[in-house]
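I have a structure I would like to understand better, so I am pasting it below and will then ask my questions one at a time.
Starting from 1, each residue takes its place in the sequence as its number. Not measured: the values here are computed from a predicted model.
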Amino acid sequence: MAAKTFDLIVIGAGPGGYVAAIRGAQLGLNVAVVEREHLGGICLNWGCIPTKALLRSAEVFHLMERAKEFGLSADKIGYDLGAVVKRSRGVAKQLAGGVGHLLKKNKVTVIMGEATLPAKGKVSVKTDKGAEELAAKNIILATGARARTLPGLEADGDLVWTYKHALNPPRMPKKLLVIGSGAIGIEFASFFNTLGADTTVVEVMDRVLPVEDAEISAFAKKQFVKQGMKIMEKSMVKQLDRAPGKVTAHIETGGKVETMEFDTVISAVGIVGNVEGLGLEALGVKIDRTHVVVDDYCRTGIEGLYAIGDIAGAPWLAHKASHEGVMVAELIAGQHPHPVRPESIAGCTYCQPQVASVGYTEAKAKELGYDIKVGRFPFIGNGKAIALGEPEGMIKTIFDAKTGELLGAHMVGAEVTELIQGYVIGRTLETTEVELMNTVFPHPTLSEMMHEAVLDAYGRAIHF
């Protein structure tokens, strides 16, 4: 039976994969997508979207508890964890269904099954109906990643959870241990802590949110502790002893091991790329620590084979994957796209308070040899923040003292995951402090703090 031939085959229908397919179709390519599990991938089904739905419920619950501060009354405040989870699953289902509609609208062929690459330009798909053979001059790998497991800390879905278990929890934890304080770990810690779990976070690095600017990490930690979390830095979970209804964790700090009991553990110690079973080694694809090695245009070194998103390495962000998908589709269609610049991609963490950043941290800018100017502005100096009842937070900017280039921006506080895009646009446009200073920001808004943080870097802050 002859193989079905396409101009482009995309393996994986997460944010990078389905966006690449749609952009390719828009440019006149005959495109097929192969997906083994869910349209929308991890992000829409088990990551970005459902976690934000859960966190929104926790945020509303937290505000209800603060009703008296706003001159309101709310009696018998409580929650139904099952209903909270049901809402988040409904949101995920709605968006995943939307992906199917978009692919159909753009005439992309969707094949549900497990793909392998038996040879260059060939894809074999194992479906419910048997094997299906496909061929294309261009293939994009967008198979994503999954949770990393450490020996002895493996999830069982009962006492020890991955993010998937935490998104559909069998119960509300009473005493929770979260291993890892990156975005995934700290978001779940924030969610369950807000709903009343006695929460401990263990981080092997010297600070929580270790990829963020050190000053922002320290501010966030102070808020987490204020909310009742226990934070253990430079610590490692060496062993988990499981017994009915409880887990005893052996936690090493400074060479000393202490044991602590929990009823639930969430392991959030990173991710590994889904590179197995595709036949990549036989094709000669270079893989480094479970991620496909690519150049600035996501080329693998094998003619016509590309890798985008989480499988292609850090930063592991859905918006990075989507833009790589657009870039590669345009490259395949004969256009001349710009490569995606990782240092201009924003990172957002939706804990309480939110954290967002783009560009270099202060330490990284110094390490790279820049002479820098640093500006800061606190939420307490902003009228809108006070009116919202959200006076805890800060915005920090970093500039090249010689050229005025915006090197980095870092935020912690209410709605900073929305604010950060202003600085992202600034970096894309290669703006300097002059343009930012001369921009009129609307009043009263949280965005005014972005202006003030720029002014402060040059000794011109007005409101603090």
message = For Tyr297, give me all partners under ring-ring contact (aromatic ring centres under 6.0 Å, His included), at least two apart in sequence or on another chain.
response =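 Once residues adjacent in sequence are excluded, Tyr297 has no partner under the ring-ring contact (aromatic ring centres under 6.0 Å, His included) criterion.
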
query = Salt-bridged, Asp213 to Lys396, with N to O below 4.0 Å?
reply =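 Salt bridge present between Asp213 and Lys396.
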
task = In sequence, state the C-alpha distance, the side-chain angles, and the governing distance for Tyr370 and Phe399, and then conclude on ring-ring contact (aromatic ring centres under 6.0 Å, His included).
result = CA-CA 9 Å; Tyr370 287 101; Phe399 290 90; over 10 Å; no

inquiry  = Using a strict threshold of under 4.0 Å (side-chain N to carboxylate O), is an ion pair present between Arg207 and Glu203?
reply    =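 A salt bridge is absent here (no side-chain N lies under 4.0 Å from a carboxylate O).
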
key: Leu167/Thr51 under side chain to side chain contact (heavy atoms under 4.5 Å, CB included): CA gap, chis, key distance, verdict   = CA-CA 7 Å; Leu167 280 167; Thr51 54; 3.5 Å; yes

inquiry  = Taking Glu433 first and then Lys373, would you say they form a salt bridge - that is, a charged N and a carboxylate O separated by under 4.0 Å?
reply    =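 Between Lys373 and Glu433 there is no salt bridge, as every charged N stays at least 4.0 Å from the carboxylate O atoms.
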
task = Considering only NZ, NE, NH1 and NH2 on the basic side and carboxylate oxygens on the acidic side, decide whether Arg242 and Asp156 come within less than 4.0 Å.
result =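 So Arg242 pairs with Asp156 through a salt bridge.
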
request  = Decide, yes or no, whether a salt bridge links Glu362 with Lys366 under the criterion of side-chain N to carboxylate O below 4.0 Å.
outcome  =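 So Glu362 pairs with Lys366 through a salt bridge.
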
Which residues share a salt bridge (charged side-chain N to carboxylate O under 4.0 Å, His left out) with Lys104, sequence neighbours left out =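 Counting only residues at least two positions away or on another chain, Lys104 forms no salt bridge (charged side-chain N to carboxylate O under 4.0 Å, His left out).
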
ask   = Taking 4.0 angstrom as the limit, do Glu261 and Lys175 come out as a salt bridge?
value =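 Salt bridge: no.
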
task = Give me the ring orientation class for Tyr79 and Phe61: parallel if the planes are under 30° apart, tilted from 30 to 60°, perpendicular past 60°.
result =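 Aromatic pair Tyr79/Phe61 classed perpendicular.
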
inquiry  = Does either side chain, that of Arg89 or that of Asn168, offer a donor lying less than 3.5 Å from an acceptor on the other one?
reply    =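 There is no such pair between these side chains.
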
ask   = So, His463 versus Asn382: side-chain donor-acceptor pair below 3.5 Å or not?
value =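 Result is no, nothing qualifies.
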
ask   = Going by an N to O cut-off under 4.0 Å, is there a salt bridge joining Glu187 and Lys52?
value =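 Yes, this pair counts.
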
request  = Taking salt bridge (charged side-chain N to carboxylate O under 4.0 Å, His left out) as the test, write out the residues that go with Arg427, two or more places apart.
outcome  =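 Per chain and number, Arg427 pairs via salt bridge (charged side-chain N to carboxylate O under 4.0 Å, His left out) with no residue.
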
ask   = Taking NZ, NE, NH1 and NH2 as the nitrogens, is one of them in Lys221 or Glu212 under 4.0 Å from a carboxylate oxygen of the other?
value =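 Judged by the 4.0 Å cut-off on N to carboxylate O distance, Lys221 and Glu212 do not form a salt bridge.
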
inquiry  = With side-chain contact (heavy atoms from CB on, under 4.5 Å) as the test, pick out the partner of Phe379 among Lys384, Glu392, Met411, Met449.
reply    =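 That would be Met449.
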
